[in-house]
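Here's the structure we're looking at; comments come further down.
The model shown is predicted, which means the values in this text are computed figures rather than measured ones. Chain identifiers are assigned alphabetically (A, B, ...) following the order of the sequence lines, protein sequences preceding nucleic acid strands; residue numbering begins at 1 within each chain.
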Amino acid sequence: MTDRMIKTRFAPSPTGILHIGNLRSALYEYLIAKSKGGAFILRIEDTDRERYVEGAVEVIYSTLEACGLQHDEGPDIGGPHGPYIQSERLALYQAYAEELVSRGLAYPCFCPPQKSELTSEEGEAEAFGYDRRCRALDPHEARERRAAGEASAIRQKMPLEGETSFTDQVYGTITVQNKELEDQILLKSDGYPTYNFANVIDDHLMEITHIVRGSEYLSSTPKYCQLYQALGWEIPEFVHLPLILGEDGRKLSKRHGSTSFHDLIQEGYLPEAIVNMIAFLGWAPGEETREIFSLKELESLFHIEGINKAPAVFSYDKLNWMNEQYIRALPFEAWRGRVKEAADSAFGGRPYDLDMLARVLQPRVTKLSDIPGMIRFLTDRLPLSRELFHNKRARLDADRAAFVLESLYPRLRGLSDWTETGLLETLEKAGLELDLKKGLLMGALRAGLAAQQVTPGGAVETAIILGRSESLERLEIALSFLNEDKT
RNA sequence: GGCCCGAUGGUCAAGGGGUCAAGACAUCGCCCUUUCACGGCGAAGACACGGGUUCGAUUCCCGUUCGGGUCACCA
């Protein structure tokens, strides 16, 4: 449009959770600005007093921070166009509304609120909008009724004929008949502006160049265009984003699910993986086929032309894969810290080899919340069964396992160098002397130590994590079980 | 229902008038391996349908179907 610096904003309402759809909007807003060296600002849209949730603003701050979406202006850091919280800008909206009333472009409406009926029956939903009843009221009479204290909202007069069109950067030119446009409420009877109104005022005053938001706003955009025109303001660029759907094909919304950033973190996903995931929901870089990108890389890669029109289904399978990629790429120190958090409480003060545990876990964990389940066999002595000692490939069965462990136990007991090399040497030596295959030894040992056929890491790693004394105790238990149960 | 938008494998998607229609996730198979996992290799799987335009349409146009959004003093 112009050579002006690009400026985008993220304008969430503080309703308690940050839905991943909202987060995706924030991400794209950030990327669109940053890819062109522009500014990204944060504005809190708290004009719905009924939905306001205490502490919700902090959730917004912490989420943006966790994702690395640093804003350039906002309630917490200020900026040239503050305040950045709409409830602190009420006088501003009221002034503009009155201006439109006095210019005959808006009018007070005394009709009772017709909030949406959630109980509307399917099929018979004959929803026709507001009938513009109060539009015909005599302005003087209206003024007197307001002066007398009668509650009223302010509605904008929409043109009754003609058409309005605008060009969206993603969806192209969209045209609607003006008669389809409702006389939208600008100011509610409680004096608060509607989203429709406050949004336009603030976006203009804050010099937002690109309005980036979900495509659910596409059909009300003509109304915003009418507002810009009424106010004599330049219409900004619009960038509507395809919706994110749930796996059932429905819009992924607050009403639908618990798909908030917070929930995903609780589930054990890394913020970086979530960001990477949602970056590719409705956007692709083009010829580049790589899909793992840091936020910094995305900043230089992102372009509006790559945004898709069709809604995208959010896939947890893909998120899982991305999370694995990020976990594996984590520096070992950082990863070890994560494992420590989960494992310390599980081991309850008992010593264990954290380094080894983190090492075997890093290539195997899908999400952080999997860790407790994966290491339970290390902290709890699980019940044994003869089937555990069966392994077709190694030609192992319970009786052979008993023999193997019987021979192995004294050797291990005599081993003071309880390390990977020490253990491997002992096992190899035992294998040679007893003429046993490695798979047989390892299989028996693993089952004896873990009481589980599937373990992260092998027998030796498990022995090291458990430590010498716990390992030996477990082997004793396994031996007596195998011998006792022998027929 | 009105209005708006959309449609490439199960999912995310590249591409675009002439291609054996990329790639990723998931699935399946093989290999590696002390199991699983990780890793490597490979397989199966798509242009919604009908009309045009064209020498030629998955690609452009129209219609149909299907999907989604929206019709609040919510955002």
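Atom P of nucleotide C74(B) and atom CD of Q184(A) are separated by 13 Å, given to the nearest angstrom. Computed from coordinates, the L357(A) CG to A37(B) P distance equals 19 Å when rounded to whole Å. Across the protein-nucleic acid pair, E305(A) atom CD and G16(B) atom P stand 13 Å apart, rounded to whole Å. For the pair W321(A) CH2 and G23(B) P, the computed distance is 14 Å after rounding to whole Å. When the C1' atom of A72(B) is taken as reference, atom CD of E216(A) falls 15 Å away, rounded to whole Å. One interatomic measurement links the two molecules: CG of N323(A) to C1' of A26(B), which rounds to 16 Å at whole-angstrom precision. Rounding to whole angstrom units, CZ of residue F197(A) and C1' of C74(B) are separated by 17 Å. Whole-Å rounding puts the N196(A) CG to A75(B) P distance at 8 Å.
Look at R328(A) and you won't find any side-chain N or O under 4.0 angstrom from OP1 or OP2 of C38(B). Between K309(A) and U8(B) there is no side-chain polar atom (N or O) within less than 4.0 angstrom of OP1 or OP2. Checking the phosphate oxygens (OP1, OP2) of A75(B), a side-chain nitrogen or oxygen of T47(A) falls inside 4.0 Å. Residue K188(A) places at least one side-chain N or O under 4.0 Å from the OP1 or OP2 atom of C74(B). Side-chain nitrogen and oxygen atoms of R213(A) include none within less than 4.0 Å of the OP1 or OP2 phosphate oxygen of A75(B).
Rounded to a whole angstrom, the distance from the P atom of G23(B) to that of A46(B) is 15 Å. Rounded to whole Å, the C1' atom of A57(B) lies 15 Å from the corresponding atom of G15(B). G9(B) and A48(B) have their C1' atoms separated by 13 Å, given to the nearest Å. G29(B) and G18(B): their P atoms are spaced 38 Å apart (whole Å). When the C1' atom is compared between C60(B) and U53(B), the two are found 8 Å apart, to the nearest whole Å. Going from the C1' atom of C4(B) to that of G10(B) covers 29 Å, rounded to whole Å. The C1' atoms of U58(B) and C49(B) are separated by 13 Å, rounded to the nearest whole Å. A26(B) sits 15 Å from C12(B) when the P atoms are compared, rounded to a whole Å.
Side-chain contact, T366(A) with E324(A): a donor N or O sits under 3.5 Å from an acceptor N or O. Remark: the D202(A) side chain and the Y93(A) side chain contain an N/O donor-acceptor pair separated by less than 3.5 Å. Counting only N and O atoms by type, the side chains of Y224(A) and D203(A) include no donor and acceptor under 3.5 Å apart. Counted by atom type alone, T164(A) and Q226(A) present one or more donor-acceptor pairs between their side chains at under 3.5 Å.
For the ring pair (Phe, Tyr, Trp, His ring centres under 6.0 Å) with W283(A), the lone residue among F302(A), Y28(A), F293(A) that qualifies is F302(A).
Nucleic acid contact for S189(A): base, since at least one base atom lies under 4.0 Å from a heavy atom of the residue. Contacts of E45(A) with the nucleic acid, taken as non-hydrogen atoms under 4.0 Å apart, involve only primed sugar atoms and P, OP1 or OP2. Residue G214(A) is out of contact with every strand shown, counting any heavy-atom pair closer than 4.0 Å. The residue G458(A) sits close to a base: some heavy atom pair falls under 4.0 Å. Looking at heavy-atom distances under 4.0 Å, E180(A) makes contact with sugar-phosphate atoms alone, never a base. Within the 4.0 angstrom heavy-atom criterion, base atoms lie near P112(A). L281(A) comes within contact range of the sugar-phosphate backbone alone, with a heavy-atom separation under 4.0 Å but no base atom that close. N320(A) comes within 4.0 angstrom of no nucleic acid atom, judged by non-hydrogen atoms across all strands.
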- [ ] Take N320(A) and Y269(A) through the test side-chain contact (heavy atoms from CB on, under 4.5 Å) and record every step on the way to the result.
- [x] CA-CA 8 Å; N320(A) 283 342; Y269(A) 294 104; 2.6 Å; yes
Open item on the list: For Watson-Crick and G-U wobble pairs within 3.5 Å on both distances, what is RNA chain B written in dot-bracket notation, | included for inter-strand pairing?
Closed with: (((((((..(((.....[....))).(((((.......)))))....(((((..]....))))))))))))....
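The side chain of V454(A) sits closest to U35(B) out of U35(B), A22(B), A75(B).
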Enumerate donor-acceptor pairs with a distance under 3.5 Å from any side-chain N or O in residues 442-449 of chain A to protein atoms, sequence neighbours excluded.
{"unit_1": "R446(A)", "atom_1": "NH1", "unit_2": "Q453(A)", "atom_2": "O", "d": "2.6"}

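Under the 6.0 Å cut-off for aromatic ring centres, F481(A) and F389(A) do not qualify, their centroids lying 6.0 Å or more apart.
Residue whose closest nucleotide on RNA chain B sits further toward the 5' end, between K438(A) and F314(A): F314(A). Residues N308(A) and S219(A) each lie close to RNA chain B; by heavy-atom proximity, the contact nearer the 5' end of the strand is made by N308(A).
Salt-bridge formation is detected for the pair D131(A)/R133(A): a Lys NZ or Arg NE/NH1/NH2 atom is positioned less than 4.0 Å from an Asp or Glu carboxylate oxygen.
In this structure, OH on Y195(A) lies 9.0 Å from OG on S13(A), to the nearest 0.5 angstrom.
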